[in-house]
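No hydrogens, no waters, no symmetry mates; every other heavy atom, side chains included, goes into these values.
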Amino acid sequence: MIKYGAKKEDVISYVIELATIVERLNPLLIYVEQNDLDHSFRKAVKERPKEWSEGFIEYYTNQGYGKKQGNKGLEGTLQVLKARRELEAEIFSGDFIGVF
């Protein structure tokens, strides 16, 4: 999604494919959810070197999903992160079953 701007259905299909491959290994998924994404990300930007935030923002806004959506800067990065979080939540909940 982030790098190539893949469609939601393609991302979900890919995750299902990966899950099927590793299922016999009985994996454990640990997901850290931020209660306040805006606050957490802005805090990280303040605390980390400027090069980190510049690289992060560029990665999330200048390719794939962010570029297609026209996202720019810190605010655009937050929009991409929120969209990714929504897709992750949909995948984890299994709400996509029956979409295909």
Side-chain angles (χ1 to χ4, degrees):
M1 172 187 170
I2 303 301
K3 185 168 178 111
Y4 301 110
K7 296 178 194 170
K8 178 171 89 168
E9 295 79 12
D10 293 338
V11 173
I12 292 171
S13 291
Y14 181 67
V15 170
I16 291 170
E17 182 180 342
L18 290 176
T20 301
I21 291 168
V22 301
E23 184 175 21
R24 66 182 179 83
L25 301 173
N26 198 25
L28 172 66
L29 174 65
I30 298 173
Y31 184 78
V32 178
E33 186 173 346
Q34 295 293 328
N35 292 329
D36 188 343
L37 181 63
D38 280 37
H39 174 76
S40 297
F41 187 69
R42 289 177 196 281
K43 183 175 185 264
V45 167
K46 287 179 186 175
E47 293 175 351
R48 296 181 183 186
K50 186 176 182 181
E51 296 80 19
W52 175 84
S53 61
E54 288 173 348
F56 197 97
I57 289 168
E58 182 173 326
Y59 180 84
Y60 274 75
T61 60
N62 290 336
Q63 62 183 351
Y65 182 87
K67 189 173 185 177
K68 284 182 180 180
Q69 299 297 314
N71 296 116
K72 303 255 186 251
L74 178 64
E75 297 303 321
T77 302
L78 285 165
Q79 292 305 311
V80 176
L81 290 170
K82 289 174 185 176
R84 186 188 79 185
R85 181 176 61 182
E86 289 172 12
L87 179 54
E88 291 167 348
E90 185 175 341
I91 290 169
F92 298 152
S93 71
D95 288 344
F96 58 84
I97 296 172
V99 170
F100 303 101

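- A salt bridge is defined here as a Lys NZ or Arg NE, NH1 or NH2 lying under 4.0 Å from an Asp or Glu carboxylate O, and Arg42 with Glu75 meets this definition.
- Phe56 has its side chain out of reach of Arg48: every pair of non-hydrogen atoms, C-beta onward, lies at least 4.5 Å apart.
- Taking a cutoff of 4.0 Å between a charged side-chain nitrogen and a carboxylate oxygen, Arg85 and Glu33 do not qualify as a salt bridge.
- The hydrophobic cluster containing Leu18 does not contain Val22, counting ILVMFWY residues as joined when their side-chain heavy atoms lie under 4.5 angstrom apart, directly or transitively.
- We find the CD-CE distance between Glu88 and Met1 to be 8.5 Å, quoted to the nearest 0.5 Å.
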Go through it in stages, so that I can follow the logic: the residues are Asn62 and Ile57, the test is side-chain contact (heavy atoms from CB on, under 4.5 Å), and I'd like the CA-CA distance, side-chain angles, deciding distance and then a yes or no. CA-CA 8 Å; Asn62 290 336; Ile57 289 168; over 6 Å; no
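- For the atom pair Asp10 CG and Glu17 CD, the distance stands at 11.5 Å (nearest 0.5 Å).
- Taking the ring centroids of Tyr65 and Tyr4, they lie at or beyond the 6.0 Å cut-off.
- Ring planes of Phe92 and Tyr31: perpendicular class, angle over 60° (limits at 30 and 60°).
- With a 6.0 Å radius and a threshold of 12 heavy atoms from other residues, nucleotides or ligands, Lys43 has its NZ atom at or below the threshold.
- The cluster map of Ile, Leu, Val, Met, Phe, Trp and Tyr, joined by side-chain heavy atoms under 4.5 Å apart, puts Leu87 and Leu29 in the same cluster.
- Val45 is listed as a side-chain neighbour of Trp52, based on a closest heavy-atom distance under 4.5 Å.
- The minimum heavy-atom distance linking Lys68 with Gly5 is given by the pair NZ-O, 3.1 Å.
- When atom types are taken as modelled, the side chain of Ser53 and the backbone of Lys50 share a donor-acceptor pair closer than 3.5 angstrom.
- Between Lys8 and Glu90 there is a side-chain heavy-atom pair separated by less than 4.5 Å.
- In this structure a side-chain-to-backbone donor-acceptor pair under 3.5 Å is missing from Lys67 to Thr61.
- Tyr14 is not connected to Ile16 by any chain of hydrophobic side-chain contacts under 4.5 Å among Ile, Leu, Val, Met, Phe, Trp and Tyr, and they are in different clusters.
- Checking Val80, Leu78, Asn71 one by one against Tyr60, the side-chain contact (heavy atoms from CB on, under 4.5 Å) holds for a single residue, Val80.
- How far CD of Glu9 is from CD1 of Ile12: 6.5 Å, rounded to the nearest 0.5 Å.
- The existence of a salt bridge linking Glu86 and Lys82 is excluded, since no basic side-chain nitrogen approaches an acidic carboxylate oxygen closer than 4.0 Å.
- Val32 and Val15 end up in different hydrophobic clusters when Ile, Leu, Val, Met, Phe, Trp and Tyr side chains are linked at under 4.5 Å.
- Ser40 approaches Gln34 most closely through the heavy-atom pair OG-OE1, 2.6 Å.
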